[in-house]
Amino acid sequence: LGDKNGYWCEICQIGCDNDENTINNHNTSIKHVKKEAGQQMLLKLSEEYDCLEHDPKSGTFRCMICNIGVTSPQLMESHFTGSKHRKKAEDHTTNGNANADGKPAAAESLTDPAAGTEGEYWCKVCKLQGKSTPELITKHLATAKHKKKVASSELMEKLRQQEDCFVQDPVSSILKCLVCSLDIPSPHQLESHLAGANHKRKAQGKTAGNEGEEVATDGYWCQICKLSGKSTPTSIDAHIKGAKHLRKVAGNDLLQKLKETTDCFDHDEETGLLNCKVCNIDMNTPQLLEVHLGGFKHKMRAEGKNPLKKEKHENPANPNPEDAERIVFLRNMSHKSTEEEIRTVFEDCGEIESLHCIKDFKGNSKGYGYILFKDKESAVKALEKDKTVLEEHPIGVMAYNPDHPMYVLAYDLQPQKEKLFVTGLPTIMTEKEIRNLFEPHGKIKEIKMLMQKKKFKGLCYIDYADEETAASVKEATDKYEVAPDKKISVRFAYPPRPRKEAAAAATVKEAAANNIDAATEVVGMEK
């Protein structure tokens, strides 16, 4: 069954997008094919065996002869072909107890022509349908489940005549005591509850002072909760003050509010389900719908974006080394500082050609960046702005060194001069080939190749015993051509950038030292 909004599979009881590829994939899936075969087998078994009983609500199957329940037609077919079932079936055909009409005496109370077809019976008590044979009806009436439900039905009629302080949900059959605002699953437990001291004490407290009030004989219907009960002041007052009723009233008010603010969801009046048309998700309550509409994924889908795909922020490329004299490097900046605020601090130094703050993949500032001026004189003048306070952070202003990565300048890291970092190597090289390339210039202590999914990335670290050996190897191999038009880069290695905790501690320590120096200068000027 399909429409413009989606496709509904009646066999699997699920929905999906209404496009040809999705529907074909579903119809050829293992689960759909298995359930379709199960339905065909169920029709076949219903025609061949009179002792099959099917509960469409729970999806279970029961053999009325053996009193055995299973969950699929395939299991029921295996049961019917077994020797135990065949033996019991033969005993039923020879020892059946039928009257002149071909049915047990109690069959008339079970037969409902409006609910079943010819040759079938419908048990009003158990809400089950089966073949109308004398043996099977007798077997059903003798089961413990049927007798228990008959006793529960008789007890319910007795309690309805004696008490008016409870209601029953017609869908779930849950019983609710209106005096105690308590849900009870069975009539026997309700009888015990009504006879208890706690219920009697609350009932007396509720009814005190109501002796002169007129009690109506007709029932009431709560449109909000879809529940009915006897129209007495005690019952109505207990229901209206109940937690479930108040929660549903608040849900209805919230639903009206959401309908006024947005039209991106549908409300099924019959089932009460709320469907978000943007995300194609069903929710049970307006409270869950409100949380969903305010969520990140819904907002992304409403804007036509994929919430599962992260939009990675791309930083600008490293500055051109030829412009190093016109660039000043900034560090120790507040993560809250904007580019407009930073530009205001340096605009009196000269014309700014570009300003870049390095950011993470979420677009948040990392606390360092650089400024490119129109001329060299402006950059020199900007160096005088060192330790200028912005957002309670003294900004570090320094000349840009193109020989070092920006994160090294940001965290003031010192090179490890006994270790070299090599880039630009062919990804097909092995450790032995790398060793043969560098070993003639100095004895290697250790080689660490950087891998990604067991594949060489063309990067490696090489350790040497002392700084002199590493320096001589760097001078001899830097810019070495390992292949046509492919040169490697060799430089001293730097320690990894500090983690957030270490970086934050270093920033606080540096800021404290800068504040002490600034305070000392102010005191000196006052003197």
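A heavy-atom distance below 4.5 Å is found between the side chains of Ser181 and Lys176. Under the 4.5 Å side-chain criterion, counting only non-hydrogen atoms from C-beta, Leu255 is in contact with Leu274. Looking only at side-chain heavy atoms (C-beta outward), Met333 and His393 stay at 4.5 Å or farther from each other. Within the 4.5 Å cutoff, the side chain of Leu355 has heavy atoms near those of the Ile342 side chain. Side-chain atoms of Asn332 and Pro394, non-hydrogen and from C-beta on, do get closer than 4.5 Å to each other. Side-chain contact check for Asp360 versus Lys366: some heavy-atom pair is nearer than 4.5 Å. Side-chain contact between Leu42 and Phe61 is present, with heavy atoms from C-beta onward closer than 4.5 Å. A heavy-atom distance below 4.5 Å is not found between the side chains of Leu390 and Ser334.
The distance from the CZ atom of Arg247 to the CG atom of Asn252 is 12.5 Å, given to the nearest 0.5 Å. Atom-to-atom distance recorded for Tyr370:OH and Ile327:CD1 is 6.5 Å, nearest 0.5 angstrom. Taken from CD1 in Ile14 to NE2 in His32, the straight-line distance is 9.5 Å, to the nearest 0.5 Å. Atom CZ of residue Arg331 and atom CE of residue Met398 lie 5.0 Å apart, to the nearest 0.5 angstrom. Taking CD from Glu391 and OG from Ser337, the interatomic distance works out to 4.5 Å, rounded to the nearest 0.5 Å. Summarising the geometry, atom NZ belonging to Lys31 is positioned 9.0 Å from atom SG belonging to Cys12; distances are rounded to the nearest 0.5 Å.
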side-chain contact (heavy atoms from CB on, under 4.5 Å) between Ser29 and Lys34, intermediate numbers included = CA-CA 9 Å; Ser29 63; Lys34 186 177 179 181; over 6 Å; no
With salt bridge (charged side-chain N to carboxylate O under 4.0 Å, His left out) as the test, would you mind laying out the steps for Glu303 and Lys299 before giving the verdict?
-> CA-CA 6 Å; Glu303 296 175 359; Lys299 292 180 179 179; over 6 Å; no
Show the numbers, then the answer: is there a side-chain contact (heavy atoms from CB on, under 4.5 Å) between Leu175 and Asp183?
-> CA-CA 6 Å; Leu175 300 162; Asp183 291 340; over 6 Å; no
Applying side-chain hydrogen bond (donor to acceptor under 3.5 Å, both in side chains), run through Thr22 and Asn25 and close with a yes or a no.
-> CA-CA 5 Å; Thr22 305; Asn25 291 337; 5.6 Å; no
Between Phe166 and Leu178, is a side-chain contact (heavy atoms from CB on, under 4.5 Å) present by the stated rule, with each step listed?
-> CA-CA 5 Å; Phe166 67 91; Leu178 300 176; 5.7 Å; no
From CA spacing to verdict: side-chain contact (heavy atoms from CB on, under 4.5 Å), Phe438, Val490 = CA-CA 11 Å; Phe438 288 90; Val490 183; 4.2 Å; yes
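Screening residues 468-483 for side-chain hydrogen bond (donor to acceptor under 3.5 Å, both in side chains), with sequence neighbours left out, gives Asp466-Thr469. Listed by first and then second residue, the side-chain hydrogen bond (donor to acceptor under 3.5 Å, both in side chains) pairs that reach into residues 343-355 are Arg326-Glu353, Asp348-Lys385, sequence neighbours excluded.
For the pair Ile240 and Leu246, the tightest heavy-atom approach, listed with the atom from each and the gap, is O-CD2, 3.6 Å. Here the closest non-hydrogen pair linking Lys35 and Ile11 is CB-CG2, 3.7 Å. The minimum heavy-atom distance between Gly251 and Pro286, with the atom names listed, is O-CG, 3.1 Å. Closest approach of Ala382 to Val328, counting heavy atoms only: CB-CG1, 4.1 Å. Here the closest non-hydrogen pair linking Ala379 and Phe373 is CA-CD1, 3.8 Å. Nearest heavy atom pair, residue Pro73 against residue Gly38, reads CG-O, 3.2 Å.
Thr262 places no side-chain N or O within donor-acceptor distance of the main-chain N or O of Leu258, the cut-off being under 3.5 Å. The backbone N or O of Thr338 lies less than 3.5 Å from a partner atom in the side chain of Glu341, making a donor-acceptor pair. When atom types are taken as modelled, the side chain of His335 and the backbone of Ser365 share a donor-acceptor pair closer than 3.5 angstrom. Looking only at distances, a side-chain donor or acceptor of Lys277 sits under 3.5 Å from a matching main-chain atom of Asp263.
When each of Lys432, Glu431, Glu433 is tested with Met429 by the rule side chain to side chain contact (heavy atoms under 4.5 Å, CB included), just one qualifies, namely Glu433. With respect to Met449, the side chain to side chain contact (heavy atoms under 4.5 Å, CB included) criterion is satisfied by exactly one of Ile434, Leu425, Thr430: Ile434.
Between Tyr461 and Phe421, the distance from one ring center to the other falls under 6.0 angstrom.
Side-chain atoms of Asp282 and Asn275 form a donor-acceptor pair, as typed in the model, at a separation below 3.5 Å. Using a 3.5 Å distance cut-off with no hydrogens or angles, the side chains of Ser378 and Asp375 do pair a donor with an acceptor.
Salt-bridge annotation for Lys443 and Glu439: absent, with no side-chain N of the basic residue lying under 4.0 Å from a carboxylate O of the acidic one.
For Lys445, the side chain to side chain contact (heavy atoms under 4.5 Å, CB included) criterion is met by Asp463, not counting sequence neighbours.
Counted within 6.0 Å of CD on Glu325, heavy atoms from surrounding residues, nucleotides or ligands total 12 or fewer; the atom is thus considered open. Residue Lys259 places its NZ atom among more than 12 non-hydrogen atoms of other residues, nucleotides or ligands, all under 6.0 Å distant.
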